[in-house]
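These notes concern the structure reproduced below.
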Amino acid sequence: MVVNALLTTFLCTVALPILLFLLAVKLWEIYTLRCRDPTCPFPLPPGSMGLPFIGETLQLLLQRKTFLRMKREKYGYIYRTHLFGNRTVRVTGADNVKQILLGEHRLVSAQWPASVRAILGTETLSNVHGAQHKTKKKVSYFDLSAEGALATGRGLRQVCVQTLNKWLARDSCVLVYPEMKRLMFRIAMRVLLGFEPEQVQTDEHELVEAFEEMIKNLFSLPIDVPFSGLYRGLKARNFIHSKIEENIKKKVQESDQEWKPRDALQQLIDSSNKNKEPISMQAIKQSATELLFGGHETTASTATSLVMFLGLNPKVVDKLRQELQDEVKLVHRDCF
């Protein structure tokens, strides 16, 4: 009787939960594989779909590079998995990636993860394809007239000089990359969104914090619950949208007043007016936020590399200074 009781207890407390767990994993694997494209005759690549619903997201977040290396060693350069709520095929290797890039919209279609689409919006340039993508690309192309280029140049110079003066006034050293990100954000606010200098100074701190919070939570689990990454990212995005909306309304009210340099935000508004369509406030806010996102990290990284290489090559700095001085003298001579 004691042996039977112990055996029953073991089966109920250990063996049965393990069997149920393995059954759930197997059913999850079958369910995910049944969602494949029925029109494609080719087999799926090798791999595993992980735990029910969460897939292998936790392993990726905890192991990071180790997870990717183990997968590549086990399954090769192409394998299937389930990450961030989506069935995923990971492709590595120059030849394989080349086929993917050359076959876009023919062999494959590109799509950002669900969290990115939710935060940036479904009407942005990066989330539309075909004819709609071409139309949005033309609208988003920032074309400067001669007068606008001069005004933009003056605005850029003003922002850069103010920032450099703040750096030089510090007693401590300057961490270039974080400061470059803030500088590029100020420039984007001025050039792309048409913020006035006083607006930049007033709203900069809150906007930078919101933007960094949004970027930090772009790639997160697509679960919108309080305190989740997606929830924080959407909250930060909504704050940025509110500031952009204020600027849009101000530009619409001042559209009939004196000439002002056309920034990218004004160009989006003018495009809606030209097509005789009602201004879609949400679409313009999403496009403006995407412009900030697209031109922020890469530009800041490039500018940081430029500063580093100039610091390592003082002779190049001297040559640049001499060329700039000669250019200033030439312009001054032509003007007078």
If you count heavy atoms of other groups shown closer than 6.0 angstrom to CG of Asp95, is the number above 12? no

Trp112 side chain vs Arg117 backbone, donor-acceptor pair below 3.5 Å: no

Glu56 and side-chain contact (heavy atoms from CB on, under 4.5 Å): which single residue from Thr81, Leu61, Leu51, Thr88 fits? Thr81

Backbone N or O of Lys71 within a donor-acceptor pair of the Arg90 side chain at under 3.5 Å? no

Is the Phe185 ring parallel, tilted or perpendicular to the Phe211 ring (thresholds 30°, 60°)? tilted

Do Asp326 and Gln322 have a side chain donor and acceptor closer than 3.5 Å? yes

Run the side chain to side chain donor-acceptor pair (under 3.5 Å) check on Thr289 and His241 step by step: do they pass? CA-CA 8 Å; Thr289 306; His241 277 191; 3.1 Å; yes

Under a 4.0 Å N-O cut-off, is there an ion pair linking Arg80 with Glu29? yes

Any chance the side chains of Arg186 and Thr163 put a donor and an acceptor closer than 3.5 Å? yes

Is it the case that the side chains of Glu213 and Asn217 hold a donor-acceptor pair, with the cut-off being a distance below 3.5 Å and no angle test? yes

Lys249 and Glu245 ion-paired at < 4.0 Å: yes

For Ser48 and Lys74, test the side chains for any donor-to-acceptor distance below 3.5 angstrom and give the result as yes or no. no

Tell me, yes or no, whether the heavy-atom count around Arg170 atom CZ, taken from other residues, nucleotides or ligands under 6.0 Å, exceeds 12. yes

